[in-house]
Amino acid sequence: ETGVTQSPTHLIKTRGQQVTLRCSSQSGHNTVSWYQQALGQGPQFIFQYYREEENGRGNFPPRFSGLQFPNYSSELNVNALELDDSALYLCASSLRTKQETQYFGPGTRLLVL
Amino acid sequence: GDSVTQMEGPVTLSEEAFLTINCTYTATGYPSLFWYVQYPGEGLQLLLKATKADDKGSNKGFEATYRKETTSFHLEKGSVQVSDSAVYFCALSPSIQGAQKLVFGQGTRLTINP
């Protein structure tokens with residue numbers, strides 16, 4: 001069974017640029033969630049995708065957007081990068097039931113200069 | 001809204017000491033509760049979970065009991081090892097319908113000295 005994978009592992013961008021982060025979900029999982037973890041903080045929920053549609057969103061502006069593909073993999077896109085977007089971005093996959101556990105990938109560390 | 005509060009760290013203990021990391025939550029209904037662990041340079045790993053009141057989650061010598069009367073889910077281990085050094089996150093998943101989002105505490109950094 002393959003776990004959650006993310007790419008790239010590290011990324012450096014400058015303010016105003018756009019970035020795309022990728023996530024492959026664990027085998028058999030149909031739901032993908034994205035979280036932002038600032039340094040020294042707990043992860044914050046960005047949004048979740050199920051059946052290729054956004055299925056809930058946290059307190060993040062519209063410049064954070066995503067996609068889910070038929071194979072359940074997902075992308076997180078961030079436009080007009082700001083310095084405060086520097087963080088570890090975590091992807092988690094799960095099955096679409098109320099109490100199912102989410103399994104996390106290793107994350108992509110984004111630095112915005 | 002839903003929230004999780006963890007005891008502030010960092011926490012430093014000697015090997016074989018008893019560990020308690022406090023966690024309390026605020027939520028409507030009956031959330032599921034989790035402890036995740038993050039080792040240096042890695043993502044989050046599920047340590048244990050409990051889905052209803054009085055449930056006890058356990059794994060690798062760690063335990064936590066879902067206490068609805070005190071809205072708590074404290075993490076305990078009887079004898080810690082150097083390899084337990086990591087950041088520990090308490091989290092809840094709301095019981096209402098909709099996205100299965102996780103709400104995390106701020107994390108507690110644990111260092112175990114030999």
Side-chain angles (χ1 to χ4, degrees), chain A residues 3-10 21 23-26 29-51 53-60 66 68 74 87-109, chain B residues 1-10 21 23-25 27-53 55 57 59 66 73 86-109:
Chain A
V4 179
T5 60
Q6 293 186 242
S7 63
T9 56
H10 295 82
L21 310 182
C23 171
S24 292
S25 60
Q26 185 164 314
H29 284 182
N30 56 12
T31 302
V32 175
S33 303
W34 286 92
Y35 293 82
Q36 180 195 66
Q37 185 181 12
L39 198 62
Q41 302 295 315
Q44 299 289 316
F45 176 72
I46 302 175
F47 44 55
Q48 183 179 86
Y49 276 81
Y50 171 63
R51 291 186 174 177
E53 292 189 358
E54 188 178 289
N55 181 49
R57 187 178 186 92
N59 189 26
F60 281 82
Q68 186 182 30
S74 177
L88 180 67
Y89 288 85
L90 297 165
C91 168
S93 74
S94 60
L95 289 171
R96 184 76 172 101
T97 59
K98 184 169 74 74
Q99 294 175 341
E100 191 57 47
T101 300
Q102 296 189 25
Y103 293 89
F104 285 80
T108 294
R109 187 162 297 281
Chain B
D2 299 331
S3 66
V4 174
T5 302
Q6 292 181 230
M7 72 185 278
E8 291 190 16
I21 301 178
C23 171
T24 57
Y25 68 90
T28 53
Y30 300 90
S32 295
L33 301 176
F34 304 82
W35 277 99
Y36 280 85
V37 59
Q38 188 172 37
Y39 296 101
E42 299 184 14
L44 298 174
Q45 298 178 23
L46 176 67
L47 182 58
L48 53 84
K49 70 176 183 180
T51 58
K52 60 182 187 295
D55 265 4
N59 186 26
Y66 189 141
F73 193 55
V87 181
Y88 291 80
F89 292 93
C90 184
L92 68 82
S93 180
S95 59
I96 59 176
Q97 291 297 322
Q100 302 167 284
K101 70 174 185 178
L102 286 168
V103 177
F104 286 89
Q106 73 272 30
T108 302
R109 181 174 298 277

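For A:Y50, no part lies under 4.5 angstrom from a heavy atom of chain B. Heavy atoms closer than 4.5 Å to chain A are found in the side chain of B:Q38, but not in its backbone. Only the side chain of A:S94 has a heavy atom closer than 4.5 Å to any heavy atom of chain B. With a threshold of 4.5 angstrom between heavy atoms, B:L46 approaches chain A through side-chain atoms but not through N, CA, C or O.
No more than 12 heavy atoms of other residues, nucleotides or ligands lie within 6.0 Å of CD in A:Q44, so this atom counts as exposed by the packing criterion.
When the candidates A:G42, A:A92, A:S33 are compared by the number of heavy-atom contacts under 4.5 Å with chain B, A:G42 comes out ahead.
Between B:Y36 and A:P43 there is no side-chain heavy-atom pair separated by less than 4.5 Å.
A:E54 meets the salt bridge (Lys or Arg N to Asp or Glu O under 4.0 Å) test with A:R57; sequence neighbours excluded. Not a single side chain to side chain donor-acceptor pair (under 3.5 Å) links A:Q68 to another residue, sequence neighbours left out.
Pairing each heavy atom of B:L102 with each of A:F45, the nearest pair is O-CB, 4.2 Å.
Note that the CD atom of A:Q102 and the CZ atom of B:F34 stand 7.5 Å from one another [nearest 0.5 Å].
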